[in-house]
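Quick notes on the structure that follows.
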Amino acid sequence: MKKLVCIVGSTGSGKTAVGIDVALALGAEILSIDSRQLYRDFIIGTAQPTAAEQAQVPHHLTNFHDAREPMTAGTFAKLARDKIKELLQSGKPTVLVGGSGLYYRAIFDGLFQGPPIDPEYREKLRDRAEQSGVPALHLELQQVDPVIAEKIQPNDYIRIERALEVFHTSGKRLSDWWQNGTDRFEFEPIYVCLRRERSDVVRRIAQRTAIMLREGWIDEVRQLLEAGYGDAIEREKFHGYREIAAYLRNELSLAETEERINIVTRQYAKRQMTWFRHTEGMHWVDVTPDDSTNKIAQRVLQIVQPILSAKSLTS
RNA sequence: GCCGCUUUAGCUCAGUUGGUAGAGCAACGGACUGAAAAUCCGUGUGUCCCCAGUUCAAGUCUGGGAGGCGGCA
């Protein structure tokens with residue numbers, strides 16, 4: 001089975017720079033696996049690759065989708081699979097770089113093969129949740145699908161919504177869909193996670209926030225708000241964009257805004273590492289503040305190249 | 001210098017008639033099957049400013065001291 005290099009890690013771990021070096025060494029192009037960089041015009045605050053970086057290696061699946069039409073893991077996985085195959089047909093291997101754990105799972109393991117989302121039903125459900133509370137919907141889920149209800153917390157609205165939605169639109173329980181398995185991809189991931197000390201991550205996040213603010217993030221948000229993306233920013237909870245929008249409404253000082261951004265970013269980094277820590281088959285690359293990008297990339301290649309060449313011997 | 005208020009978790013603060021403390025945020029750990037930068041679950045991490053006194057028992061009452069804030073000088 002063909003294998004694909006996947007460089008993962010938390011926000012601010014240095015994935016982007018390392019990914020470029022690795023892609024150059026492998027003669028590959030980069031597929032961004034990032035649930036926020038994919039949105040058009042959300043550039044500075046989502047740390048999209050810069051023009052200089054894109055000049056070194058072409059990046060795909062960034063800056064292409066209108067945020068007023070939210071992306072889903074399933075749709076993204078389809079796009080990613082198509083792009084990987086398309087690149088390969090033109091003789092280009094792909095390196096996947098990004099920190100969105102579920103998106104990797106959707107690409108490689110596949111999601112269960114059930115119905116897509118139903119926006120109208122979701123709207124109705126949301127109204128009901130506001131009226132009678134989320135646990136009431138959980139009770140309802142217990143009636144239709146006790147197996148799934150058991151696995152979902154009574155307050156976990158998003159999962160309850162999905163489970164009820166699946167039952168509503170397909171007439172089949174989510175737990176039954178799960179029984180049928182998933183549509184696995186024909187490629188297999190080689191996951192490599194960049195891991196830094198917590199204090200290093202905290203420092204780098206603060207540094208990164210300061211740089212983004214200096215480089216025009218606030219103007220970017222102002223323009224997005226003027227272009228009518230305010231609702232999308234709130235709904236999708238874009239880190240920093242919400243805080244800056246609050247700042248522009250004079251609800252936060254600049255210092256408070258920066259601190260809030262650092263906090264939500266740190267919390268996210270923590271959740272990302274919890275996910276990757278429990279990802280099967282993960283290869284770890286421990287990184288210290290002194291390591292150069294090139295050195296880190298070399299270590300990634302040391303892990304990845306033997307696996308890639310073992311594959312070519314057998315295929 | 002005098003008067004008043006104040007000092008409890010990393011931060012902001014609750015704490016009944018005395019029975020060795022708790023909430024929000026932060027932090028830490030976890031889950032994650034089409035919103036994933038989402039969503040949810042779990043954990044208290046403490047010389048209750050210090051010293052002495054009263055009391056079976058003091059965060060709580062009394063006296064003294066120290067820090068902070070405000071007012072009058």
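Just so we're on the same page: letters track the sequence lines, and every chain starts at 1.
In this structure A/Glu215 satisfies the salt bridge (charged side-chain N to carboxylate O under 4.0 Å, His left out) test with no other residue, sequence neighbours excluded. The ring pair (Phe, Tyr, Trp, His ring centres under 6.0 Å) test applied to A/His138 returns no partner, not counting sequence neighbours. Partners of A/Tyr241 according to the ring pair (Phe, Tyr, Trp, His ring centres under 6.0 Å) rule, which considers only residues two or more places apart in sequence or in another chain, are A/Phe42, A/Trp217, A/Phe238. Partners of A/Arg173 according to the side chain to side chain donor-acceptor pair (under 3.5 Å) rule, which considers only residues two or more places apart in sequence or in another chain, do not exist here.
The hydrophobic side chain of A/Tyr268 is isolated, with no ILVMFWY side chain under 4.5 Å apart from it. Hydrophobic side-chain contacts under 4.5 Å tie A/Leu87 to no other Ile, Leu, Val, Met, Phe, Trp or Tyr residue. Hydrophobic clustering, defined by side-chain heavy atoms of Ile, Leu, Val, Met, Phe, Trp and Tyr closer than 4.5 Å, leaves A/Ile117 isolated from every other such residue. As a member of the Ile/Leu/Val/Met/Phe/Trp/Tyr network built from side-chain separations under 4.5 Å, A/Trp178 groups with A/Phe112, A/Tyr121, A/Leu125, A/Val134, A/Leu137, A/Leu141, A/Val144, A/Ile148, A/Ile152, A/Tyr157, A/Ile160, A/Leu164, A/Val166, A/Phe167, A/Leu174, A/Trp177.
At whole-Å resolution of the value, CZ in A/Arg198 and P in B/A26 are 13 Å apart. Rounded to whole Å, atom P of B/A31 lies 15 Å from atom CG of A/Leu102. The interatomic distance linking A/Ile148 (CD1) with B/G34 (C1') rounds to 14 Å, in whole Å. Computed from coordinates, the A/Asp109 CG to B/G34 P distance equals 13 Å when rounded to whole Å. Rounded to whole Å, atom P of B/U33 lies 13 Å from atom CG of A/Asp145. Atom P of nucleotide B/U39 and atom CD1 of A/Ile152 are separated by 16 Å, given to the nearest angstrom. Counting to the nearest Å, the P atom of B/A35 and the CZ atom of A/Arg235 are 12 Å from each other. Atom CZ of A/Arg266 and atom C1' of B/G10 are 12 Å apart (whole Å).
Side-chain atoms of A/Thr274 lie closest to B/A31 of the nucleotides B/A31, B/U39, B/G34. Nearest to the side chain of A/His278, among B/G30, B/A36, B/G34, sits B/G30. In the set B/C40, B/A36, B/U33, the nucleotide with an atom closest to the side chain of A/Ser100 is B/A36.
Taking atom C1' in both B/U54 and B/U60, the straight-line distance is 14 Å, to the nearest Å. Rounded to whole Å, the separation between the P atoms of B/U17 and B/U62 comes to 14 Å. Rounded to whole Å, the separation between the P atoms of B/U16 and B/U55 comes to 23 Å. B/G1 sits 29 Å from B/C61 when the C1' atoms are compared, rounded to a whole Å. When the P atom is compared between B/A35 and B/U8, the two are found 46 Å apart, to the nearest whole Å. Going from the P atom of B/U43 to that of B/G59 covers 26 Å, rounded to whole Å. If you take atom C1' in B/C48 and the same atom in B/G44, they sit 15 Å apart, rounded to whole Å. A distance of about 15 Å separates the P atoms of B/U33 and B/C41, rounded to the whole Å.
If you check every strand for non-hydrogen atoms under 4.0 Å, A/Pro116 touches a base. A/Thr46 comes within 4.0 angstrom of a base, heavy atoms only. Among the atoms of the strands shown, base atoms are found under 4.0 Å from some heavy atom of A/Gly45. Residue-level contact check: A/Gly114 touches the bases, meaning some heavy atom is under 4.0 Å from a base atom.
Residues from residues 161-169 of chain A that place a heavy atom under 4.0 Å from any atom of RNA chain B, listed by number: A/Glu161, A/Arg162. Residues from residues 117-129 of chain A that place a heavy atom under 4.0 Å from any atom of RNA chain B, listed by number: A/Ile117, A/Arg122.
Contact annotation: A/Tyr103 reaches the phosphate of B/A36 (side-chain N/O to OP1 or OP2, under 4.0 Å). Between A/Asn155 and B/U39, a side-chain N or O to OP1/OP2 separation shorter than 4.0 Å is absent. Here A/Thr72 does not reach the OP1 or OP2 of B/A35: none of its side-chain N or O atoms lies under 4.0 Å away. Listed pair A/Gln153 / B/A31 fails the phosphate criterion, with no side-chain N or O lying under 4.0 Å from OP1 or OP2. Within the structure, a side-chain polar atom (N or O) of A/Arg36 is placed less than 4.0 Å from OP1 or OP2 of B/A36. For the OP1/OP2 pair of B/C32 and a distance below 4.0 Å, the side-chain nitrogens and oxygens of A/Arg159 include no atom meeting the criterion.
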Which atom pairs, one a donor and one an acceptor, fall under 3.5 Å between side chains of residues 20-28 of chain A and the rest of the protein, sequence neighbours left out?
none

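Cation-pi check for A/Arg68 over A/Tyr229 is met; the charged atom lies under 6.0 angstrom from the ring centroid and within 45 degrees of its normal.
Looking only at atom types and distance, the side chain of A/His60 has a donor-acceptor partner in the side chain of A/Glu29 under 3.5 Å away. In summary, the side chains of A/Asp34 and A/Ser100 do not present any donor paired with an acceptor at a separation below 3.5 Å, with no hydrogens or angles considered. Under the 3.5 Å distance criterion, with hydrogens and angles disregarded, a donor-acceptor pair is assigned to the side chains of A/Gln272 and A/Thr11.
Summary of the strand contacts: A/Lys151 and A/Ala47 both lie near RNA chain B, and taking for each the nucleotide with the nearest heavy atom, the more 5' one is attributed to A/Lys151.
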ask   = Taking only Watson-Crick and G-U wobble pairs with both distances under 3.5 Å, what dot-bracket line describes RNA chain B, where [ ] shows pairs that cross earlier ones and | shows pairs with another strand?
value = (((((((..((((.....[..)))).(((((.......))))).....(((((..]....)))))))))))).
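Once the 5.5 Å centre distance and the 30° plane angle are applied, the aromatic ring of A/Trp275 is found not to be stacked with the base of B/C32.
Taking a 6.0 Å sphere around CD of A/Glu197, one finds it holds 12 or fewer heavy atoms contributed by other residues, nucleotides or ligands.
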